[in-house]
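Quick notes on the structure that follows.
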Amino acid sequence: MFIADKYDVIIIGAGHAGIEAALASARLGCKTLLTTLSLENLAMMPCNPSIGGPAKGHLVREIDALGGQMGIAADETCIQFRTLNTGKGFAVQALRAQADKKIYQAVMKNFCENVDELDLKQLLIEKILVEKNKIVGVTAETGETFLADAVILASGTYLSGRIIIGESIFDGGPNGQRAAIKLSDSLKNLGVKLMRFKTGTPARVDARTLDFDKMEIQRGDNPPQNFSFMTKTPVKNLVNCYLTYTNERTHEILRKNLHRAPMANGIIEGIGPRYCPSIESKIIRFPDKERHQLFLEPEGLNTQEYYVQGMSTSMPMDVQIEFLHTIPGLERAKIMRAGYAIEYDCIDPLQLKPTLEFKNIAGFFSAGQSNGTSGYEEAAAQGLIAGINAAAFVKKFEPLILKRSEGYIGVLIDDLVTKGTNEPYRMMTSRAEYRLLLRQDNADLRLTPYAIKIGLASLERGELFEKKRTEIELATRRLNEIKLTPSNEVNQKLLGLGIGEVHNTMPLAELLRRQNVTYEKLRAAFDLPEISSEAAAQVEISIFYEGYIKKQSELAEKLDRLENKIIPDGVDYNALKNLRVEAREKLSEIRPRSIGQASRISGVSPADVSVLLVWLETI
């Protein structure tokens, strides 16, 4: 055995999960190795050329608040910014941005190459080395062995990857990359339970062959928002996207060729994403729908490639070309890259602790699509937590476990390790029961204190955070101190501001509960402190929704009592005879960290939770 080097933490895979894990680990002082099949493909976006969206935008803001890199890189490299769901409440509003794929990769690679304690190597890892149920290192196909105290699996969709385009099938990863075949075998030999999932991507088409006049233009916001709380230079919209639709002729071609669809003829065995189905799946699932939306999204500023969002497919190439040409604006479209499906191995996340460490292998962590999730944002969020907790494992400090009431990241990880998933998991706002507390606008107020405590927040981030928090507290206190008493002078002042009269004595804060009343409108007239627009927005939202926020906070506090009831390690659930058989089986398999986590396990009833609570009181 040739031992090439020794590291504190090794990360397998340099996608969105791997990069966040590596940066976190290295910034926390661990000697870190980030391995990848190709150094040219760090942070590659093999699917959408976009970051954010409903719930995903929340994740990006939370990653940023915790000291991660995705939001900063997105602000630096994205070319169109749009806030979605602006007609709805603040809880579900979310930022989505079109990225320049190549520039995003280059920027992320530059970040990684300039962090102390972080090495990058182009390696195909083939074997995980474990002794006495503890990680000791990895072996690459070059014959090199790298020792480590902790290893993070962030292999994305490369584990035994298989590309499918109609009848054409070959081993490979996204965008023509190699697959990691032997690594799957190594995991199986370690007793790791694997699942087989599938995802897909649409064709990329040549902009020179598109007729944009036949499509609906989709412009960015004016002015646009940014992802990172650290971004000071205003982001810019540099491109437009376009909207078009399928039609009956498109659907007729697809129906006629369904017998050739790999998902229908048995070629594809993996389970695909429910919330991002292929176009052929849409035809089957929604037979009465007359048309489906397609968005034409540029892949970058220096390429003619456009991504046909909404048209993921693994149909044979002749079918792809035929149905593409039935779509308004795409009648002469030339395909630059074919749409394809990819099958891959991933782990059953029920094998993981809430720290993302394997329960049965000390020092072995997993993050990203290798945990059965979909999406860059979900991957990056897990990578950041895995990187923090791998460093915690090595440095022997307290791991970071976010509660469901603290962040979408907490919801994401708790869902995975408590409920598992039988399909590629996608984060959605509907999964968060405390979503009014978990808005994208307040991610820093919720999570930056953790970044400061852990050591991932820069000095500048810490100072900006404290300044904003102080501004919010000062302004809120002043709004509640100033009392408005009905008088001709007061009402004339309010009418002059375009605000209705008051008829009862009230704190000035009450005016912010009215529609179209802003902090800035009140500031000059009532001697309020001058604060940043971001702080003012927080003051307005917290006062306007104060009653609803208070109710959710009280519920979260009530349920958090169960989260704080920690279950000791090594409990023999079979010895607790008052538990139902199914509960004993599920609890023994998942081994929940707390009573709160136990209560969310499918098959564990409220009566079983009561038994656990009574038992806890006796030990």
Considering residues at least two apart in sequence or located in another chain, which fulfil the side-chain hydrogen bond (donor to acceptor under 3.5 Å, both in side chains) criterion with Gln492?
none
Taking 4.0 angstrom as the limit, do Glu471 and Lys467 come out as a salt bridge?
yes
Regarding Thr77 and Asp100, do their side chains bring together a donor and an acceptor under 3.5 Å, going by distance alone?
no
Between Lys419 and Leu350, which heavy-atom pair has the shortest distance, and what is it?
C-CD2, 3.8 Å
Taking only distance into account, with no hydrogens and no angle test, what donor-acceptor pairs under 3.5 Å do side-chain atoms of residues 84-97 form with protein atoms, sequence neighbours excluded?
residue : atom : partner : partner atom : Å
Asn85   : ND2  : Val92   : O            : 3.0
Gln93   : NE2  : Lys88   : O            : 2.9
Arg96   : NH1  : Gln98   : OE1          : 2.8
Arg96   : NH1  : Glu297  : OE2          : 3.4
Arg96   : NH2  : Ser50   : OG           : 3.1
Arg96   : NH2  : Glu297  : OE2          : 3.3

Taking all non-hydrogen atoms of both residues, which atom of His58 and which atom of Gln440 are closest, and how far apart?
CD2-N, 3.4 Å
Using every non-hydrogen atom in the two residues, find where Asp75 and Phe81 come nearest and quote the distance to one decimal.
OD1-CE2, 3.9 Å
Please answer whether the main-chain N or O of Asn516 pairs with a side-chain N or O of Lys521 as donor and acceptor at a distance below 3.5 Å.
yes
Lys/Arg-Asp/Glu bridge criterion (N-O < 4.0 Å) met for Glu563, Lys403
no
State plainly whether the residues Arg431 and Asp414 are in salt-bridge range, i.e. N to O under 4.0 Å.
no
If you look at every heavy atom in Phe397 and Ile388, which pair is closest and at what distance?
CZ-O, 4.0 Å
Exceeds 12 heavy-atom contacts within 6.0 angstrom, atom CZ of Arg513:
yes
Pairs meeting criterion salt bridge (Lys or Arg N to Asp or Glu O under 4.0 Å) with involvement of residues 490-504, two or more places apart
none
Donor-acceptor pair, distance only, cut-off 3.5 Å: does the side chain of Ser370 make one with the backbone of Ala367?
yes
With a 3.5 Å distance limit and no angle check, can you tell me whether Ser594 reaches the backbone of Gln597 through a side-chain donor-acceptor pair?
yes
Just checking, any donor-acceptor pair under 3.5 angstrom between side chains of Thr355 and Asn389?
no
Evaluate salt bridge (Lys or Arg N to Asp or Glu O under 4.0 Å) for Asp415 paired with Arg404, printing each intermediate quantity in order.
CA-CA 9 Å; Asp415 277 353; Arg404 297 180 71 90; 2.9 Å; yes
Can you name the residues that form a ring pair (Phe, Tyr, Trp, His ring centres under 6.0 Å) with Tyr548, not counting sequence neighbours?
none
Does either side chain, that of Asn110 or that of Asn114, offer a donor lying less than 3.5 Å from an acceptor on the other one?
yes
Non-hydrogen side-chain atoms of Glu62 and Leu447 separated by less than 4.5 Å
yes
For Cys30, does its backbone N or O pair with a side-chain atom of Thr32 as donor and acceptor, under 3.5 Å?
yes
All N/O donor-acceptor pairs, side-chain side in residues 472-483, below 3.5 Å, sequence neighbours left out:
residue : atom : partner : partner atom : Å
Thr476  : OG1  : Ile472  : O            : 2.7
Asn480  : ND2  : Thr476  : O            : 2.9
Lys483  : NZ   : Asn480  : O            : 3.1

Quick one: which of Arg27, Glu20, His16 gives a side-chain hydrogen bond (donor to acceptor under 3.5 Å, both in side chains) with Gln69?
Arg27
Check: Thr448 side chain, Ala451 main-chain N or O, donor-acceptor pair, under 3.5 Å
no
Using a 3.5 Å distance criterion without hydrogens, assess whether the side chain of Arg461 forms a donor-acceptor pair with backbone atoms of Ser458.
no
Phe212 vs Ile217 side-chain heavy atoms within contact, under 4.5 Å:
no
Go through the side-chain N and O atoms of Gln538 and Asn442 and say whether any donor and acceptor fall under 3.5 Å apart.
no
Taking ring pair (Phe, Tyr, Trp, His ring centres under 6.0 Å) as the test, write out the residues that go with Phe365, two or more places apart.
none
Within the 4.5 Å heavy-atom criterion, are Ile152 and Leu356 side-chain neighbours or not?
no
Could you check whether any side-chain N or O of Lys101 sits under 3.5 Å from a backbone N or O of Met45, counting only pairs where one atom can act as donor and the other as acceptor?
yes
With distance as the sole test, does Gln382 use its side chain to make a donor-acceptor pair with the main-chain N or O of Gly368 at under 3.5 Å?
yes
Going by an N to O cut-off under 4.0 Å, is there a salt bridge joining Glu466 and Arg469?
yes
Using a 3.5 Å distance criterion without hydrogens, assess whether the side chain of Arg61 forms a donor-acceptor pair with backbone atoms of Gly57.
no
